[in-house]
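Lettering of chains follows the sequences in order, A, B, ..., and the numbering in each one begins at 1.
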Protein chains: 2
Amino acid sequence: MSVEPLPNIDRSTLRERVLRALRSAITSGAYRPGDHLGEVELAGRLGVSRGTVREALRHLQQEGLVTAGNRGMLRVNSLSAEEIRGLFRVRAALEGLAVTEIIARPDRSAAVAALRAAVDELAGAGEDFAAKVEADLGFHVRLCELSGNPMLVESWRHLEGRIRVTIMNRDPEEAPAMMTPGRHAPIIEAIERGDLPGALAVVEEHMAAAADHFTSTRAC
Amino acid sequence: MSVEPLPNIDRSTLRERVLRALRSAITSGAYRPGDHLGEVELAGRLGVSRGTVREALRHLQQEGLVTAGNRGMLRVNSLSAEEIRGLFRVRAALEGLAVTEIIARPDRSAAVAALRAAVDELAGAGEDFAAKVEADLGFHVRLCELSGNPMLVESWRHLEGRIRVTIMNRDPEEAPAMMTPGRHAPIIEAIERGDLPGALAVVEEHMAAAADHFTSTRAC
DNA sequence: GGCAGGTAGTCTGTCGACAGTCGGAGGGAG
DNA sequence: CTCCCTCCGACTGTCGACAGACTACCTGCC
């Protein structure tokens, strides 16, 4: 008796699916910063109850993607230049910890191989902007995951939403020079050498450059 | 016409009050790790609707105070020794960034004064365990706030719930040697000297000691 | 005695409805 | 023409109820 052809049943809850849909809609730029996200409108458009949309919106609020305006009305968040600089400094601290822990681990070479694979994905993304963003963030998430510190991954993911709105806000379609394999290779090389100060310097420089990039000539 | 005697109206929403009540109940130890938090029971006990309790619980879930168990049932979270070590390494990274930014600021002496005041609060807490915890965490929050980086404060606060359950889990009533003015003074002194490497070393040592303390001889 | 099947209980997921509040449009008085 | 008052629309806050799902127990058959 064959069991394989039975498709996997989606056991995710409706709230989770709504959450993913809304997060995707915001981070893909379908909603622009400042746009009002009305519960009734979203509920009607998604065909679900207000309460379900409400819980998803609250989740996004804690992620920093939406912010409460007048009388609790939620709007898509946008970060000031100062906030962006602070955001990338926190990222630098977290990813600096990641490389520190990776270098301290005995299976450092396996981590290097995994990171090389992540960079290859970035190289294979070609000119597709969305794919490049995914590959770039995928590399940095992988960096945190390879540290073996789940709390570090958790902290990084807490910033992910803000990072995505920053990227999408700055570069609607222009492919920046930020997300290239050449930008990430030095990190891997420093890790491979076991050069902790060098790796930290590369990460900080990488983040500082990104902060400069995203705070200069703020787009629309 | 006198306007003063009018008391400030509490404009907080019911959900926020429920959230504070539940967070306080968990971090104060009224609920022990592993305890099941039923929506109906809490709603009945608090005299509010299930939906309101539900939103508060979801918030606490994102804070890491409660975790989803079987069939979405929420329980008070407890961290493994490994998670605690990872948690305090992330704290060290964040607070290391805080001292870095404070030292780089022009108004460093003002920050030093504010931190001294925070340590004085810790000294004035006496033997009251809850007050000592508040003063200790207050010092570290102040440290992040004085960096002038709101995103750093946000990231730290994201870990606050887990920090609190760790403390409450380990030291139900025993007053540890962790939260003393003597433990925090070296951080301030290094900041005052502008000694960045020294300050980072002190912070990391402080966090490593705390991690060791909370992972040794796990209570109940 | 052991196991399969049924059954009651309990918990969460989801929904629709009511109420309170805020902002703005519109009309009337000065 | 300007200002104020009133009414209306819209949005969120909060609630109670129904339905689905999983657990544990209990009973009857082998």
Side-chain angles (χ1 to χ4, degrees), chain A residues 1 6-26 30-77, chain B residues 1 6-26 30-77:
Chain A
M1 174 174 169
L6 283 176
N8 286 340
I9 307 294
D10 182 14
R11 296 278 296 173
S12 69
T13 183
L14 192 54
R15 166 177 48 86
E16 296 176 283
R17 291 194 291 268
V18 169
L19 174 59
R20 281 195 289 268
L22 289 180
R23 182 158 41 204
S24 169
I26 295 175
Y31 287 101
R32 305 295 307 165
D35 283 358
H36 169 51
L37 298 176
E39 298 177 359
V40 282
E41 179 196 335
L42 293 174
R45 189 174 301 189
L46 292 166
V48 298
S49 169
R50 256 190 65 211
T52 305
V53 171
R54 209 180 151 75
E55 290 187 22
L57 285 175
R58 285 270 126 74
H59 195 107
L60 294 176
Q61 186 179 9
Q62 254 178 303
E63 284 187 10
L65 267 79
V66 304
T67 186
N70 198 354
R71 216 196 129 207
M73 289 193 189
L74 296 177
R75 301 182 325 245
V76 177
N77 195 10
Chain B
M1 174 174 167
L6 283 176
N8 285 340
I9 306 293
D10 182 16
R11 297 277 295 177
S12 70
T13 184
L14 192 54
R15 166 176 48 87
E16 295 175 288
R17 292 195 291 269
V18 169
L19 174 59
R20 280 194 291 267
L22 290 179
R23 183 159 38 204
S24 170
I26 294 174
Y31 288 101
R32 305 295 305 165
D35 283 359
H36 169 50
L37 298 176
E39 297 176 359
V40 281
E41 179 196 335
L42 293 174
R45 191 176 298 189
L46 292 166
V48 299
S49 170
R50 257 189 64 211
T52 306
V53 171
R54 207 179 152 76
E55 289 188 23
L57 285 175
R58 285 271 124 74
H59 195 107
L60 294 176
Q61 186 180 8
Q62 252 179 306
E63 285 187 10
L65 268 81
V66 304
T67 185
N70 199 353
R71 216 196 127 202
M73 289 194 189
L74 296 177
R75 301 181 325 236
V76 177
N77 195 11

Respond yes when some side-chain nitrogen or oxygen of A/R58 is under 4.0 Å from OP1 or OP2 of D/dT12, and no when none is.
no
Just jot down the salt bridge (Lys or Arg N to Asp or Glu O under 4.0 Å) partners of B/R50, sequence neighbours excluded, or say none.
B/E39
So CG of A/L22 and CZ of A/R45: to nearest 0.5 Å the spacing works out to 10.5 Å
Between CZ of B/R54 and P of C/dC11 the distance, given in whole Å, is 14 Å
A/R50 atom CZ is separated from C/dT14 atom C1', nearest whole Å, by 14 Å
A/L46 atom CG is separated from C/dC15 atom P, nearest whole Å, by 11 Å
Rounded distance in Å - CD (B/E55) to C1' (C/dG13)
14 Å
A/L57 atom CG is separated from D/dC11 atom C1', nearest whole Å, by 13 Å
With a cut-off of less than 4.0 Å, is there a side-chain N or O of B/T52 near OP1 or OP2 of D/dC15?
yes
Taking for each residue the nucleotide of DNA chain C with the nearest heavy atom, is it A/S49 or B/E39 whose nucleotide lies nearer the 5' end?
B/E39
Nearest-nucleotide check on DNA chain D, A/G38 vs B/V48; residue mapping nearer the 5' end is A/G38
How many angstroms lie between atom OG1 of B/T52 and atom CG of B/L57, to the nearest 0.5 angstrom?
11.0 Å
So, taking the atom named OG1 in A/T13 and the one named CD in A/E55, what distance separates them when rounded to the nearest 0.5 Å?
8.5 Å
Heavy-atom nearest pair, B/R58 first then A/Q62, reads O-OE1, 4.3 Å
Roughly how many Å is it from CG in B/L14 to P in C/dT21, rounded to a whole number?
14 Å
Does D/dG13 have OP1 or OP2 under 4.0 Å away from a side-chain N or O of B/R17?
no
Output yes when at least one side-chain N/O atom of A/T13 is less than 4.0 Å from OP1 or OP2 of C/dT12, else no.
no
How many angstroms lie between CG in A/L65 and CG in A/L74, if you round to the nearest 0.5 Å?
11.5 Å
Between atom CG in A/L42 and atom C1' in D/dT12, what is the gap in whole Å?
13 Å
With the threshold set at under 4.0 Å for non-hydrogen atoms, list the residues of residues 62-76 of chain B touching DNA chain C in residue-number order.
B/R71, B/M73
Does D/dC15 have its OP1 or OP2 closer than 4.0 Å to a side-chain nitrogen or oxygen of B/R15?
no
Using atom CD of B/E41 as one end and atom P of C/dT10 as the other, report the distance to the nearest whole Å.
13 Å
Can you give me the closest heavy-atom contact between B/R75 and B/G69, atom names plus distance?
NH1-CA, 3.8 Å
